[in-house]
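In what follows, a single structure is set out as structure tokens and then discussed.
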Amino acid sequence: MSTSTKRPQPHGSALTDPVRYPASASAPVRTKRAFVLVLLTVFIPGSAQLVAGDRRLGRVALRITLAVWALALLAVLVLLLNRPLLLNIVTHPVASLLVIVVLVALAIGWALLFINTFKIIRPALLAPGMRPIVGIAVVVAMVISSGSLGYLAHVLNVSRNAIGSIFNSGPAIDPVDGRYNFLMMGGDAGDDRTGRRPDSLSVISVDAKTGQSAIISIPRNLQNARFSEESPMRAIYPDGYDCGDECLINAINTEVTNNYQDLYPGVADPGAQATMEAVSGTLGITVQAYVLVDMDGFAKLIDAMGGIRIKAGGWVPISGPTVDEINGIHGMPEGWIAAGEQHLDGFHALWYGRSREFVDDYARIARQQCVQQAMLKQLDPATLLTKFEDIANAGTKVVESNISSAQLGSFVDLAIKSKGQPVQRLTIGPPDFDASFSTVPDFDQIHARVQQLLKQGSPKADDALLPQRTAGGGLQAGGLAPETQASGVATGQQPSPASSDFTPVTTTPDGTPITVELLNGLKAQGDEQGIRDLVATNGQCAAL
């Protein structure tokens, strides 16, 4: 009788189990088994190991899978019931870092499970023609599933770094009279300028509950700007910023940066802070935060988005060098942006919003509002998904803000609520005020109009504040005095940039097509007025 020791064998029925013991199965069954194990690893990570491999590993992985499902379900519930909380977690520097670490760990663990699943499949038992197919299936499944988690972690890390670069870690702000008011400044810095001069100033006021928003544009040449009561600059200029024609509201940033930084100890950007206080006092509201966009870097952000699409009402010049500073005359334009539907890259979008040659500042303000609308309208989920890293990296070079990063999630939620709602608008100049109003502003009238704007609650009320066509084809703004209504026609102001109800001017009055050659020819002849007549409608713009 033999005394040799025999290894325990599985029960006879177990040997015929094709899932755990594929050697006894037919080739088609082995192939089917391989694809089933891959699908199990995709949809229920750990289950393939539990039924066909290391059960201990499978149990651990399955517990983690169930825990992740539970957290995902909780996140969905929070998204539905308290979206700002979820956004604050994702944007919080510590919480977002924890989420990134967990995502990376899950991505690595999932990839290891796929490698283990491939071993369990035992490719040597497959038909020769099926081995590369199954191998490719495993790789594709791993890239789609584990790779998606890794990419999500990367996106969150890029977002986290961008938030840390742009926003500060200061205290959160509270709404005032139920609204958040943000000052948007387009800073124009260059080698030939001292400091950053905000040539574009607008306040975005958002209802803290509904997200309903209004935009108030302030011309850069507004004089006698009032500082808010708590501003340290009020002691220097108690009657407003009234030191003469050079004391325009856009000069406050540079003056405070150069001469009065000591009045703002501990403030990161005294010039921006002082400008925000001047806007608060001028409009009669409390502006709680600012966002400053460097216009020279603005082009990078537009390019990162893939450009913007607009409908232009008139031709806009890309101005050449200044040849007559007193009269603001430039040399031959270096190019033109034509009227009609346009897809603008960063360089041309920057010039479209910046150019004011042959027209006034109010046409430029209208175009700037239009560019802002186009960016918001076209920054959709698909664009964010495909171009997020480029957009975030460009943003760190372009944007500066005193908004607290801890409150960013709440503001993102408000932005989501605002999207799709009608936006009310007011310009402290034509078409809502007389063209000379910015030189001798009536602050009581400004405060009244701002309060009227912010109290509007219906689309009909919103329309009452927008320019309306008169019977003669001109424009008037609802509720304005007759002289103000007339100024809208005199300055050639056109429908609100929110409206696309206009026909781009592409021909001269006699029907001749407007071309680059025609415009440059008038310029060569010194016929500045002729060009002004042809491009007078370039304040018209609509985001597409």
Nearest heavy-atom pair of [X] and [Y]: which atoms, and what distance?
{"X": "Thr117", "Y": "Ala48", "answer": "OG1-CB, 4.1 Å"}
{"X": "Ser205", "Y": "Arg179", "answer": "OG-NE, 2.6 Å"}
{"X": "Ile318", "Y": "His348", "answer": "CD1-CD2, 3.7 Å"}
{"X": "Val42", "Y": "Phe114", "answer": "CG2-CZ, 3.7 Å"}
{"X": "Leu126", "Y": "Arg131", "answer": "O-NE, 3.1 Å"}
{"X": "Pro18", "Y": "Ala25", "answer": "CB-CB, 3.8 Å"}

Do the side chains of [Y] and [X] get nearer than 4.5 Å, heavy atoms only?
{"X": "Gln540", "Y": "Thr537", "value": "yes"}
{"X": "Tyr180", "Y": "Ile173", "value": "yes"}
{"X": "Ile64", "Y": "Val60", "value": "yes"}
{"X": "Thr275", "Y": "Leu201", "value": "yes"}
{"X": "Ser96", "Y": "Val90", "value": "no"}
{"X": "Phe35", "Y": "Met130", "value": "yes"}
{"X": "Asn250", "Y": "Met185", "value": "no"}
{"X": "Trp315", "Y": "Asn538", "value": "no"}

Working to the nearest 0.5 angstrom, can you tell me the gap between [X] [atom1] and [Y] [atom2]?
{"X": "Arg30", "Y": "Arg122", "atom1": "CZ", "atom2": "CZ", "result": "8.5 Å"}
{"X": "Ser159", "Y": "Leu152", "atom1": "OG", "atom2": "CG", "result": "10.5 Å"}
{"X": "Arg220", "Y": "Arg356", "atom1": "CZ", "atom2": "CZ", "result": "3.5 Å"}
{"X": "Ile302", "Y": "Ile308", "atom1": "CD1", "atom2": "CD1", "result": "4.5 Å"}
{"X": "Asp269", "Y": "Tyr290", "atom1": "CG", "atom2": "OH", "result": "4.5 Å"}
{"X": "Leu113", "Y": "Leu40", "atom1": "CG", "atom2": "CG", "result": "12.0 Å"}

Does [Y] offer a backbone N or O that forms a donor-acceptor pair with the side chain of [X] under 3.5 Å?
{"X": "Asn88", "Y": "Pro84", "result": "yes"}
{"X": "Arg160", "Y": "Val155", "result": "no"}
{"X": "Gln368", "Y": "Gly353", "result": "yes"}
{"X": "Asp54", "Y": "Gln49", "result": "no"}
{"X": "Ser217", "Y": "Ile365", "result": "no"}
{"X": "Arg309", "Y": "His343", "result": "no"}
{"X": "Arg20", "Y": "Gly53", "result": "yes"}
{"X": "Arg354", "Y": "Tyr352", "result": "no"}

Next on the checklist: Could you walk me through whether Lys311 and Phe502 satisfy the side-chain contact (heavy atoms from CB on, under 4.5 Å) test, starting with their C-alpha distance in whole Å, then the side-chain angles of each, then the deciding distance to 0.1 Å, before giving a yes or no?
Outcome noted: CA-CA 9 Å; Lys311 176 184 174 183; Phe502 63 84; 3.8 Å; yes
Checklist entry - Going through the distances and angles, do Glu334 and Trp351 end up as a side-chain contact (heavy atoms from CB on, under 4.5 Å)? => result CA-CA 11 Å; Glu334 297 180 359; Trp351 265 108; 5.9 Å; no
Item to check | Residues, nucleotides or ligands: over 12 heavy atoms within 6.0 Å of Phe43 CZ | outcome: no
Next on the checklist: Does Asp345 have more than 12 heavy atoms from other residues, nucleotides or ligands lying within 6.0 Å of its CG?
Outcome noted: yes
Next on the checklist: Which label fits His154 and Tyr151: parallel for a plane angle under 30°, tilted from 30 to 60°, or perpendicular past 60°?
Outcome noted: tilted
Next on the checklist: Would Ser202 and Ile218 count as a side-chain contact (heavy atoms from CB on, under 4.5 Å) here? Give the steps.
Outcome noted: CA-CA 6 Å; Ser202 59; Ile218 304 161; over 6 Å; no
Checklist entry - So Leu454 and Val450, side-chain contact (heavy atoms from CB on, under 4.5 Å) or not? Walk me through it. => result CA-CA 6 Å; Leu454 299 184; Val450 169; 4.1 Å; yes
